Amino acid sequence: MKNITAFIVLLFLSSIGFAQSGPKINILQAENTVDYGKVYKSSDNGVRSFTFTNTGDAPLNITGIQSTASCTILYKPGQAIAPGKSDRIDIKYNMVPGPIRKTITLETNAVNYEEGRVPLKIKGEILTN
């Protein structure tokens, strides 16, 4: 019985070690959040960027982006991001007056997020003139 338990523990620990190799995404904004702050609709175009670096040892692929109806994706990398390289995701919020609390989800092959799904958050408040 001790041999079986030791084998299971060894198998578990080795799988953790293997799970750490591969592409890893590191979003440079604190807590994966872009904070619009308090902005006036008439003086802001609503465009912001999430910048990130592939800190892993394999190419990072962004296979999809799920956004809400109030956000538009203006730019996403079309090619894989090599290890050590950086890129960005540009978004545009439609600037509807009121508080902003939205999440955009990246679908990636990153091993440091569960199932490669990376949440990007935007927050702030849009003020009328």
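Both backbone and side-chain heavy atoms feed into the values below; hydrogens, waters and symmetry mates do not. This is a predicted model, so every value here is computed, not measured.
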Mind listing the closest non-hydrogen atom pair of [X] and [Y] along with its distance?
X    : Y    : answer
G124 : R101 : N-NH1, 3.3 Å
P83  : G56  : CB-O, 3.2 Å
P99  : Y93  : O-OH, 4.4 Å
Q66  : R117 : OE1-NH2, 3.3 Å
A58  : P23  : O-CB, 3.5 Å
N112 : K24  : OD1-CA, 3.4 Å

When you compare the side chain of [Y] with that of [X], does any pair of heavy atoms fall below 4.5 Å?
X    : Y    : value
L60  : K85  : no
F50  : I122 : yes
I89  : P77  : yes
F52  : I81  : yes
Y113 : T108 : no
I126 : I100 : yes

Backbone N or O of [Y] within a donor-acceptor pair of the [X] side chain at under 3.5 Å?
X    : Y   : value
N54  : G84 : no
N109 : T63 : no
Q29  : T51 : yes

Straight-line distance of Y36 OH to M95 CE, nearest 0.5 Å:
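Nearest 0.5 Å value for the OH-CE distance: 7.0 Å.
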Between atom CG of D35 and atom NZ of K121, what is the distance when rounded to the nearest 0.5 Å?
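The NZ atom of K121 is 12.5 Å from CG of D35, to the nearest 0.5 Å.
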Identify which one of I65, T105, L106 satisfies the side chain to side chain contact (heavy atoms under 4.5 Å, CB included) criterion when paired with L120.
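Answer to the side chain to side chain contact (heavy atoms under 4.5 Å, CB included) test with L120 among I65, T105, L106: L106.
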Side chain to side chain donor-acceptor pair (under 3.5 Å) assessment of T53 paired with T55:
CA-CA 6 Å; T53 301; T55 58; over 6 Å; no
Within a 6.0 Å radius of atom NZ on K123, are there more than 12 heavy atoms belonging to other residues, nucleotides or ligands?
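Incorrect, the count does not exceed 12.
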Give me the other members of the hydrophobic cluster that Y40 sits in, counting Ile, Leu, Val, Met, Phe, Trp and Tyr linked by side-chain heavy atoms under 4.5 Å, directly or via other members.
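L127, all in the cluster of Y40.
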I25 reachable from I73 in the ILVMFWY side-chain graph, under 4.5 Å edges
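Yes.
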I62-V111 co-clustered via ILVMFWY side chain contacts under 4.5 Å
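The answer is no; the residues belong to distinct hydrophobic clusters.
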Which residues pass the side-chain hydrogen bond (donor to acceptor under 3.5 Å, both in side chains) test with D44, sequence neighbours left out?
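D44: side-chain hydrogen bond (donor to acceptor under 3.5 Å, both in side chains) contacts with R48.
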Just to verify, what does Y75 make a side-chain hydrogen bond (donor to acceptor under 3.5 Å, both in side chains) with, not counting sequence neighbours?
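side-chain hydrogen bond (donor to acceptor under 3.5 Å, both in side chains) check on Y75 returns D87.
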